[in-house]
Amino acid sequence: GAEIMEKKGPLGWIKKQLRRRVLAAAAGAFPVSRFTASRLREDLGAKTPPKVSVLSNGVNPERFFPLSPQAERKVPVVLSVCRLVEHKGIDTALRAFALLKEQGIAFEYHIAGTGPHASALITLTEELGLGEQVKFLGNVADDALNSVYNSCDLFLLLSRQSGSNIEGFGLVFLEAAACGKTAVGSTSGGISDAVIDGETGLLIPANQPEIAAAAIRRLIEDPALRERLARQAQGRAQGEMSWVTVASRLKREMGLYHE
């Protein structure tokens, strides 16, 4: 999302002018979400390309797919996969889990990824008394990601806007969905195009640990709901959100641009 957000300073101004010049000369544009499409129109105004078609990111179901469980999990496992940076909202997730611990809910929270906020998040984990429940997995190799997604019961990412950084879409939600996992996400940026609230997962406001805790608890304590949302998420990922389908849509849209 940072590509369409205005950055401060001379470099940000130069990038903005170059972006405007390139897009104004284009016959059309393919933003990856309704959010990025709206920001594009706001930014360019009358110079918006004549055709703007939302074309979501896709996922490869041959790379991300369900695996047979290796062993029954003792407690529900919740997973986040992201860079450990401010706008991913991992601190909000940790505060939500602290509330769940106070409520007597059993869980493990696994965080895959590295980044400049790793040290601060580890410190926060200890301060919240979550040392036994939270596991920082560090950097995960691409060929291990499918197994990591399959290791959880529920995916979680509570992104928010931080300066010019915002979630333009949220590809990790599709990767988790292709592995048969539902998700709790925030309504920030373009996530509502990656997760359909009440159909493939649950969406909540950003920066709200109490609401996040309630949503996570709901899916932990209602396996029937969790499994229904997961099936629907997987079906969407393997169908309309697969790269094969997205590529076909792109080909069709490109043909319209030449009419």
Next on the checklist: Looking at Thr200 and Val195, would you say the former's side chain and the latter's main chain have a donor-acceptor pair under 3.5 Å?
Outcome noted: no

Item to check | side-chain contact (heavy atoms from CB on, under 4.5 Å) between Glu167 and Leu157, intermediate numbers included | outcome: CA-CA 10 Å; Glu167 209 74 50; Leu157 192 62; 4.2 Å; yes

Checklist outcome for this item: Checking Lys135, Arg73, Lys101 against Glu108 for salt bridge (charged side-chain N to carboxylate O under 4.0 Å, His left out), the one that qualifies is Lys135

Next on the checklist: If hydrophobic clusters are built from ILVMFWY residues whose side chains come within less than 4.5 Å, do Leu121 and Val85 share one?
Outcome noted: no

Checklist outcome for this item: To the nearest 0.5 Å, atom CG of Leu40 lies from atom CZ of Phe35 at 11.5 Å

Checklist entry - Can you find a pair of side-chain heavy atoms, one from Arg249 and one from Phe30, that are under 4.5 Å apart? => result no

Checklist entry - Shortest non-hydrogen contact from Ile90 to Cys82? => result CD1-SG, 3.7 Å

Item to check | Val54 reachable from Leu203 in the ILVMFWY side-chain graph, under 4.5 Å edges | outcome: no

Item to check | Side chain to side chain, Thr36 and Phe169, heavy atoms closer than 4.5 Å | outcome: no

Checklist entry - Can you name the nearest heavy-atom pair linking Ala194 to Arg236, along with the distance? => result O-NH1, 3.1 Å

Checklist outcome for this item: CD1 (Ile216) and CG (Asp153) are apart, to the nearest 0.5 Å, by 12.5 Å

Checklist entry - For atom CD of Glu62, is the number of surrounding heavy atoms from other residues, nucleotides or ligands below 6.0 Å larger than 12? => result no

Next on the checklist: Show the nearest heavy-atom pair for residues Leu79 and Cys152, with the distance to one decimal.
Outcome noted: CB-CB, 3.6 Å

Checklist entry - Do Gln232 side-chain atoms and Glu199 backbone N/O form a donor-acceptor pair below 3.5 Å? => result yes

Checklist entry - Side chain of Thr125, backbone of Leu130: donor and acceptor closer than 3.5 Å? => result no

Next on the checklist: Is it the case that the side chain of Ser186 and the backbone of Ser159 share a donor-acceptor pair, with hydrogens and angles ignored and the cut-off at 3.5 Å?
Outcome noted: yes

Item to check | Stepwise side-chain contact (heavy atoms from CB on, under 4.5 Å) check, Ser192 with Asp197 | outcome: CA-CA 7 Å; Ser192 60; Asp197 187 33; over 6 Å; no

Checklist entry - Is there a side-chain contact between Val246 and Ser248 (heavy atoms, below 4.5 Å)? => result no

Checklist entry - Nearest heavy-atom pair of Gly180 and Pro66: which atoms, and what distance? => result N-CG, 4.3 Å

Checklist entry - Short question: side chain of Ser162, backbone of Asn165 - any donor-acceptor pair under 3.5 Å? => result no

Checklist entry - When rounded to the nearest 0.5 angstrom, what is the spacing between CG in Asn57 and CH2 in Trp243? => result 5.0 Å

Item to check | Within-4.5 Å side-chain heavy-atom neighbours: Leu145 and Arg63 | outcome: yes

Item to check | Residue pair Phe155 / Val81: nearest heavy atoms and the distance that separates them | outcome: CE1-N, 3.5 Å

Checklist entry - Hey, is Arg95 close enough to Glu210 for a salt bridge, meaning N to O under 4.0 Å? => result no

Next on the checklist: Show every ring-ring contact (aromatic ring centres under 6.0 Å, His included) that has at least one partner inside residues 50-94, sequence neighbours left out.
Outcome noted: Phe64-Tyr149

Next on the checklist: Can a donor-acceptor pair be found, under 3.5 Å and without considering hydrogens, that links the side chain of Gln161 to the backbone of Gly163?
Outcome noted: yes

Checklist entry - Can you check whether Arg218's main-chain N or O pairs, donor with acceptor, with Asp222's side chain at less than 3.5 Å? => result no

Checklist entry - Roughly how far, to the nearest 0.5 Å, is the OG1 atom of Thr92 from the CD1 atom of Ile204? => result 8.5 Å

Checklist entry - What is the distance from atom NE2 of His110 to atom CD of Gln133, rounded to the nearest 0.5 Å? => result 10.5 Å

Checklist entry - How far apart are the closest heavy atoms of Val140 and Ala112, and which atoms are they? => result CG2-CB, 3.7 Å

Checklist entry - Do side-chain atoms of Thr123 reach the backbone of Ser119 as a donor and acceptor pair under 3.5 angstrom? => result yes

Checklist entry - Should Leu158 and Ile105 be counted in the same cluster of Ile, Leu, Val, Met, Phe, Trp and Tyr side chains packed under 4.5 Å apart? => result yes

Next on the checklist: Quick check on the hydrophobic clustering: are Val75 and Leu154 connected, directly or via other members, by side-chain heavy-atom contacts under 4.5 Å?
Outcome noted: no

Next on the checklist: When you compare the side chain of Phe97 with that of Val134, does any pair of heavy atoms fall below 4.5 Å?
Outcome noted: no

Checklist entry - Between Arg160 and Glu86, is there a side-chain N and carboxylate O pair less than 4.0 Å apart? => result yes

Next on the checklist: Test your reading of the model: is there a side-chain donor-acceptor pair from Asp193 to the backbone of Arg34, 3.5 Å cut-off?
Outcome noted: yes

Checklist entry - Can Leu67 and Ser147 be said to form a side-chain contact (heavy atoms from CB on, under 4.5 Å), step by step? => result CA-CA 8 Å; Leu67 298 173; Ser147 295; 3.9 Å; yes

Checklist entry - Got a second to check how far Leu100's CG is from Tyr109's OH, nearest 0.5 Å? => result 11.5 Å

Checklist entry - Heavy atoms, side chains only, cut-off 4.5 Å: are Pro31 and Val52 in contact? => result yes

Item to check | Check: Ala237 main-chain N/O paired with Ser242 side-chain donor or acceptor under 3.5 Å | outcome: no

Checklist entry - For atom CD of Glu132, is the number of surrounding heavy atoms from other residues, nucleotides or ligands below 6.0 Å larger than 12? => result no

Item to check | Chi angles and distances behind the side-chain contact (heavy atoms from CB on, under 4.5 Å) call for Met241, Ser56 | outcome: CA-CA 8 Å; Met241 305 304 284; Ser56 299; 3.6 Å; yes

Checklist entry - Given the rule that I, L, V, M, F, W and Y join up when any side-chain heavy atoms are under 4.5 Å apart, are Leu99 and Leu128 in one cluster? => result no

